[in-house]
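First up is the structure itself, then whatever we jot down about it.
Predicted model only: the values in this text are computed from it and were never measured.
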Amino acid sequence: MKWIFFLLSIFCSNFVLAAGADGVERLTVRGMFIDCVDFPGKFSSDEEWESVRFIADGLMVIENGVIVAIDEYAKLQKEYGGYPMVTYKDQVILPGFIDMHAQFAHMHIPPVQAISYERWLKDVALPEEVRLQDYEYAREVAQEFFQLAIAAGTTTVQAMATTSTQSVRAFFDESIRWNMRVISGLAGMDDDARAPGQYLVDADSFYARSKGLMKEYEGKGRIDYAISPYYLEGCSGNLLSACRKLAEEYRLETKSEPWVHTIIAQTPEADYEVKKKFSFIKGEPATALEVLDHYQLLGEGFTGAQAIYLSNGSIDLLSQKGGSVAFCPRANMKLGMGLFRLGEFSNVMLPVFLGMGSGMSCGEAISVWDVGSSGIEVGMLNELSYSLKWQENRDLIPKTAISFDVGGKKGGDALSGYKILYYSTLGGAKALHLENKVGSFRVGNEADFVVWSMPGGKEELRPYNRESVGPLLNAFLSANTDRKAFATYLMGKRVFQKGGINSVAPQTVTTRKEQWRQRGKIADNKKVRSEREALK
């Protein structure tokens with residue numbers, strides 16, 4: 001009887017999404033709602049709760065996948081009581097998470113420790129990315145990526161594909177199947193010293209293939225196209241000129257800024273190579289952002305991932321141009337890139353749009369919320385480093401590197417549950433200039449949200465209020481993703497439920513390691529089959 005009731009509940013919850021007589025799909029969701037309304041760094045640590053909206057017993061009204069009302073249940077139930085309703089009594093409802101920088105092509109790469117970024121990229125990552133020239137294999141990787149991301153509560157993702165059009169097609173096709181909001185595009189790289197020859201794409205081909213993909217997927221799904229030079233030291237001036245041409249045409253056609261997605265200043269070596277390679281721009285070493293600005297790629301749609309070794313002048317330029325940065329602490333720590341100077345980018349007197357990115361997660365940490373736990377470690381190490389240097393010589397470190405002041409209130413490198421929630425939702429949406437579509441429960445936004453189980457189960461259900469949300473968010477940071485995510489909704493439709501019929505629960509690390517041991521053989525066999533088919 002228990003299973004019959006469960007199956008019936010699943011059927012009914014899907015049935016209520018059917019369109020009414022007027023063709024409008026309606027649904028109301030009742031439960032505890034939390035979303036950000038402001039940047040927590042504007043408030044003292046004791047007052048960060050002022051940055052969130054908290055509704056203990058709320059009702060969210062959805063029509064055709066869009067939020068039309070949200071308030072206390074008692075205030076809305078009379079007007080919308082006739083709508084189909086799903087109730088989450090023992091969970092918390094949050095906006096869907098936004099991943100500012102994912103590399104979906106790395107799903108089948110095992111986690112790597114104690115290896116330099118340059119060696120990892122050349123010996124581990126790019127050879128795997130070559131395999132994604134096979135559409136069937138690329139689709140397999142994309143399917144796994146979306147399943148795990150959605151099961152972790154990610155509902156919007158900006159992803160780096162590869163130099164293969166098949167990898168972009170696989171990613172876009174799978175996003176359409178899920179109806180998930182994505183930003184991606186063909187990656188560009190033409191430096192033969194940086195990658196295998198079959199991986200490279202010359203400037204003319206990159207331009208033509210990018211234009212073809214833009215046209216092929218225009219108006220399909222929830223797709224936005226990003227001009228994507230992979231990383232600057234792997235690109236020539238000709239390839240960046242092709243990117244500039246794409247950007248100029250986009251501005252003329254849409255009267256808006258294009259999305260541009262790349263990796264910048266990830267290591268000291270990368271920063272040095274860019275300065276040496278593009279010294280012709282100024283007649284002297286040019287920083288990564290000066291190079292991007294020269295090719296007219298630095299604007300409101302720009303996202304630079306990693307960005308650990310940007311100079312203060314580069315941060316100022318990024319702020320002036322309205323660009324954003326993807327903070328990827330798990331990748332920073334795993335590949336020994338360095339410590340991201342979070343406090344300098346969060347200075348509200350000179351703001352830079354900032355969001356969380358899973359980065360080169362290698363399939364290990366798809367959830368940007370879980371990645372945020374690494375961000376806490378980065379922040380603590382930064383605070384310790386600044387403190388030690390400050391004691392040695394107070395003139396070496398600017399005050400903004402330790403904390404910034406807003407009316408006597410301080411923020412800085414230290415991360416809290418409030419800040420991680422902000423960077424994973426509203427902050428990421430603002431960084432991508434999508435805050436009028438996703439990132440919060442604002443009326444008019446798309447109904448993308450995640451339902452989380454309490455960290456300690458029902459025994460943790462106590463009378464929370466707006467001022468006591470902080471401990472709850474911090475508790476979520478210590479719980480595993482598969483213990484938190486109970487359901488995920490895209491455009492008001494449930495696409496994941498833990499343990500349910502449509503469940504795609506994340507695989508265990510043990511199982512994944514066994515897959516990694518076999519993955520090379522599987523991929524090579526697929527490549528051999530593809531080559532045989534080509535010979536026929």
Side-chain angles (χ1 to χ4, degrees), residues 101 103 105 117-118 121-122 125-127 129-130 132-133 158-169 171 183-216 225-252 257-267 269-282 285-299 301-307 314 321 323 326:
H101 176 69
Q103 297 213 218
Y117 169 75
E118 286 78 12
L121 189 66
K122 188 172 183 178
L126 292 181
E129 292 188 28
V130 170
L132 272 74
Q133 293 174 354
Q158 178 173 240
M160 185 68 74
T162 77
T163 57
S164 165
T165 54
Q166 301 295 14
S167 72
V168 182
R169 287 195 177 100
F171 184 81
I183 303 172
S184 189
L186 185 72
M189 185 190 302
D190 62 347
D191 188 334
D192 58 9
R194 298 283 172 178
Q198 67 268 42
Y199 187 79
L200 303 176
V201 53
D202 62 69
D204 291 339
S205 180
F206 174 78
Y207 171 82
R209 289 156 62 185
S210 296
K211 290 292 287 187
L213 287 166
M214 288 179 180
K215 184 176 181 180
E216 182 178 350
Y225 195 91
I227 302 167
S228 306
Y230 200 148
Y231 54 94
L232 295 188
E233 63 272 28
C235 300
S236 69
N238 288 336
L239 193 138
L240 293 180
S241 294
C243 291
R244 175 169 57 192
K245 185 177 179 182
L246 290 168
E248 290 172 344
E249 291 172 352
Y250 184 90
R251 293 185 185 102
L252 287 173
E257 285 295 307
W259 275 274
V260 177
H261 181 203
T262 188
I263 299 170
I264 55 172
Q266 66 272 34
T267 65
E269 292 80 8
D271 189 52
Y272 172 77
E273 287 297 321
V274 169
K275 289 178 178 177
K276 181 175 69 172
K277 190 170 191 175
F278 293 95
S279 60
F280 65 86
I281 289 176
K282 299 171 56 182
T287 66
L289 290 184
E290 287 173 336
V291 173
L292 289 161
D293 193 36
H294 173 78
Y295 288 100
Q296 300 176 28
L297 299 174
L298 190 61
F302 172 81
T303 299
Q306 310 303 346
S314 291
K321 296 290 183 176

*When rounded to the nearest 0.5 angstrom, what distance separates CD in E216 from CZ in R169?*
4.5 Å
*With the side chain counted from C-beta on, respond yes when P196 and L126 share a heavy-atom pair under 4.5 Å apart, and no when they do not.*
yes
_Set of side chain to side chain contact (heavy atoms under 4.5 Å, CB included) partners for S236, sequence neighbours left out_ = D190, N238, L239
*Will you find, in the side chains of E118 and Q266, an N or O donor that is under 3.5 Å from an N or O acceptor?*
no
*What is the minimum heavy-atom distance between P229 and T262, and which atoms define it?*
O-OG1, 2.6 Å
*Identify the two heavy atoms, one from A226 and one from S228, that lie closest to each other, and give their separation to 0.1 Å.*
O-OG, 3.0 Å
*asked:* Applying side chain to side chain contact (heavy atoms under 4.5 Å, CB included) to Y225 and S210, what does each step give before you reach the verdict?
replied: CA-CA 9 Å; Y225 195 91; S210 296; 3.7 Å; yes
*Are side-chain N/O atoms of E129 and S167 paired as donor and acceptor at under 3.5 Å?*
no
*Is it the case that K321 places NZ or CZ above or below the six-membered ring of F302, under 6.0 angstrom from the centre and within 45 degrees of the axis?*
no
*Is there a donor-acceptor contact under 3.5 Å from the side chain of K277 to the main chain of C235?*
yes
*asked:* Could you check whether any side-chain N or O of E248 sits under 3.5 Å from a backbone N or O of K245, counting only pairs where one atom can act as donor and the other as acceptor?
replied: no
*Between E257 and G299, what is the shortest heavy-atom contact and its length?*
OE1-CA, 4.0 Å
*Can a salt bridge be assigned to the pair E233 and R194 using a cut-off of 4.0 Å between side-chain N and carboxylate O?*
no
*Please test T163 against F206 for side chain to side chain contact (heavy atoms under 4.5 Å, CB included), starting from the C-alpha separation and ending with a verdict.*
CA-CA 8 Å; T163 57; F206 174 78; over 6 Å; no
*Would a 4.5 Å heavy-atom cut-off, applied to side chains only, mark Y295 and I281 as touching?*
yes
*Give a yes or no on whether the backbone of G237 and the side-chain of S241 come within a donor-acceptor separation of less than 3.5 Å.*
yes
*Does a side-chain heavy-atom distance below 4.5 Å link V130 with L132?*
no
*To the nearest 0.5 angstrom, please state how far the CG atom of L240 sits from the CD1 atom of I227.*
11.0 Å
*Kindly compute the distance separating OG1 (T287) from NE2 (H294), expressed to the nearest 0.5 Å.*
12.5 Å
*After noting the C-alpha distance and the side-chain angles of Q306 and T267, does the key distance pass the side chain to side chain contact (heavy atoms under 4.5 Å, CB included) rule?*
CA-CA 9 Å; Q306 310 303 346; T267 65; over 6 Å; no
*Donor-acceptor under 3.5 Å (S184 side chain, A159 main chain)*: yes
*When you measure from the side chain of S164 to the backbone N and O of T162, does any donor-acceptor pair fall under 3.5 Å?*
no
*Less than 4.5 Å apart, any side-chain heavy atom of D271 and any of K276?*
no
*Student check: side-chain heavy atoms of E249 and Y207 closer than 4.5 Å*: yes
*Do the side chains of V291 and K275 get nearer than 4.5 Å, heavy atoms only?*
no
*Which value, rounded to the nearest 0.5 Å, describes the distance between L292 atom CG and L297 atom CG?*
6.0 Å
*asked:* When you compare the side chain of H261 with that of Q158, does any pair of heavy atoms fall below 4.5 Å?
replied: yes
*Would you check, one step at a time, whether the test side chain to side chain contact (heavy atoms under 4.5 Å, CB included) holds for L232 with I263?*
CA-CA 7 Å; L232 295 188; I263 299 170; over 6 Å; no
*asked:* Please find the pair of heavy atoms, one from Y230 and one from M160, that lie closest to each other, and give the distance.
replied: O-CE, 3.9 Å
_Contact summary for L289 and S314, nearest pair of heavy atoms_ = CD1-O, 3.1 Å
*Side-chain H-bond candidate by donor/acceptor type, Y231 with E273, under 3.5 Å*: no
*Check whether any side-chain heavy atom of W259 sits under 4.5 Å from a side-chain heavy atom of T303, and report yes or no.*
no
*Which heavy atom of V168 sits nearest a heavy atom of A161, and at what distance?*
CG2-CB, 3.8 Å
*Can you tell me how far CZ of R209 sits from CG of D204, rounded to the nearest 0.5 angstrom?*
12.0 Å
